[in-house]
Amino acid sequence: MNWAELLPTATGEFVKVIDPAPNVRVLMLHRPETLNAWHAPMRAEMAAAVHALAASEVRAAVICGNDTAFSAGEDVRGMGNLSEVSSRRFRSIAREFHDVFDEIEALEIPVIAAIEGVAAGGGMELALSCDFRIAGNRARFALPEINVGLIPGSGGCSRLVRLAGLARAKEILMLEGIMTAARADQLGLLTRVTDAGAALDEALRMASALAAKAPLALGMAKMVLNTCAEVDLESGRRLERLGQSLLKKTRDHREGASAFLEKRAARWTES
């Protein structure tokens, strides 16, 4: 399946929402004439789509673009007037722009970025906010902000250092330039690299596999792992024990244990 095959069932103008399989949702960036660059209406649609995803019973999500671009980042045609506002006002505007990335990271379901073509600036930062990144082998990645006298401001620093480590994050931001999929994989930024054009298929397979697992346990695992990356070991161990103690009381845990003993597929009913 490719991005074009999903379009006939999609809703939305700039962010297409598709439910291609049970318990799986695709959010497709759709401004192909601009390499899926962000502008205000697209950001508003993405925020609404993510809010709806959080309120749904969907168990796994995929974010993709098309076969030439995941997203080239912010549409520079809409950025000129921002240089005239105060630094404090700019930070407030930027926070509004980028809250959606934080919400994606906080969703209690796994989110997979399926990347073909370019993922640059805010496009790469969107990918970094996802739990898994699957890229076709012709994909290209860049955080080019330093070249125009800026730094990445929505995870291109904070998420990057967590994923790649401090030394490599400095190398990527200050020296790397445009990265191939192979290089991004070598630096620890990708989950899998596929043949060109196959990232979406692989992401959908992964999403279906994840959607078949216990939803509460997946959500808890994501929350605990994300938090453990930011706290000391003892705090992390306390949090995982707390999470385990809550899951121990669920119907799905009892169902999973019974299914294991009876050698059958579990039927999850909680989310």
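All residue numbers refer to positions in the sequence shown, counting from 1.
Between the CE atom in Met223 and the CD atom in Glu105 there is a gap of 13.5 Å [rounded to 0.5 Å]. Note that NZ of Lys248 and CZ of Arg254 are 11.0 Å apart. Values are rounded to the nearest 0.5 Å. Atom CG of Leu189 sits about 6.5 Å away from atom CG of Leu128, to the nearest 0.5 Å. Rounding to the nearest 0.5 Å gives a distance of 8.5 Å between SG of Cys228 and CG of Leu233. To the nearest 0.5 angstrom, Glu125 atom CD is 9.5 Å from Leu160 atom CG. Once rounded to the nearest 0.5 Å, the distance linking CD of Glu13 with CZ of Arg31 reads 9.5 Å.
In the model, Arg241 has no side-chain atom that pairs as donor or acceptor with a side-chain atom of Gln244 under 3.5 Å. Between Glu103 and His51, the side chains place a donor N or O and an acceptor N or O closer than 3.5 Å (distance only, hydrogens not considered). Between the side chains of Asn66 and Thr68, at least one donor N or O lies within less than 3.5 Å of an accepting N or O.
At a threshold of 4.5 Å between non-hydrogen side-chain atoms, the residues Val26 and Asp19 do not count as touching. Two residues are said to be in side-chain contact when any heavy atoms from C-beta on lie closer than 4.5 Å; Leu7 and Lys16 meet this criterion. Put simply, the side chain of Gln186 does not reach to within 4.5 Å of the side chain of Thr180, judged on heavy atoms. Put simply, the side chain of Pro110 does not reach to within 4.5 Å of the side chain of Lys222, judged on heavy atoms. No side-chain heavy atom of Leu190 sits less than 4.5 Å from a side-chain heavy atom of Ile134. No side-chain heavy atom of Leu247 sits under 4.5 Å from any side-chain heavy atom of His253. Between Leu126 and Met46, some side-chain heavy-atom pair lies under the 4.5 Å cut-off. Using a 4.5 Å heavy-atom cutoff, the side chains of Val111 and Ile63 are in contact.
With respect to Glu240 and Arg237, no salt bridge is recorded, no charged nitrogen being found less than 4.0 Å from a carboxylate O. Taking the charged nitrogens against the carboxylate oxygens, Arg238 and Glu234 do have a contact shorter than 4.0 Å, which makes a salt bridge. Between Arg43 and Glu74 there is a salt bridge, since a side-chain N of the basic residue sits under 4.0 Å from a carboxylate O of the acidic one. Between Glu270 and Arg59 there is no salt bridge, since none of the side-chain N atoms of the basic residue sits less than 4.0 Å from a carboxylate O of the acidic one. For Asp102 and Arg159, the salt-bridge test passes: some basic side-chain N is under 4.0 Å from an acidic carboxylate O.
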Determine, stepwise, if the pair Asn23 / Val58 fulfils side chain to side chain contact (heavy atoms under 4.5 Å, CB included). CA-CA 4 Å; Asn23 300 311; Val58 170; 5.7 Å; no

What's the verdict on side chain to side chain contact (heavy atoms under 4.5 Å, CB included) for Leu6 and Leu200, showing C-alpha distance, side-chain angles and the deciding distance? CA-CA 11 Å; Leu6 292 176; Leu200 181 56; 3.8 Å; yes

- Pair Glu171-Glu176, side chain to side chain contact (heavy atoms under 4.5 Å, CB included): steps then yes or no: CA-CA 6 Å; Glu171 181 181 359; Glu176 191 66 38; 3.8 Å; yes

Using side chain to side chain contact (heavy atoms under 4.5 Å, CB included), reason through Met220 and Leu246 one step at a time and then give a plain yes or no.
CA-CA 9 Å; Met220 184 69 76; Leu246 295 174; 4.2 Å; yes

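The two atoms that bring Ala54 and Leu107 nearest to each other are CB-CD2, 3.5 Å, heavy atoms only. Scanning all heavy atoms of the two residues, the minimum distance from Gly236 to Val231 falls at N-CG2, 3.8 Å. Here the closest heavy-atom approach between residue Gly156 and residue Leu173 is recorded as O-CD2, 3.8 Å. The heavy-atom pair separating Glu116 from Gly136 by the smallest distance is OE1-CA, 3.6 Å. The two residues Arg162 and Asn226 have their closest heavy-atom pair at NH1-O, 4.0 Å. In this structure, Trp38 and Ser71 approach most closely via the heavy-atom pair NE1-OG, 3.5 Å.
Remark: side-chain polar atoms of Asp232 are paired, donor with acceptor, to backbone N or O of Ser235 under 3.5 angstrom. Side chain of Asn36 to backbone of Ala69: a donor-acceptor contact under 3.5 angstrom is found. In terms of modelled atom types and a separation under 3.5 Å, the side chain of Arg138 and the main chain of Ala196 share no donor-acceptor contact. Using modelled atom types, no side-chain atom of Glu255 and backbone atom of Ala266 make a donor-acceptor pair closer than 3.5 Å. When atom types are taken as modelled, the side chain of Trp268 and the backbone of Asp252 share no donor-acceptor pair closer than 3.5 angstrom.
Hydrophobic clustering of Ile, Leu, Val, Met, Phe, Trp and Tyr side chains at less than 4.5 Å, counting indirect connections, unites Leu218 with Ile112.
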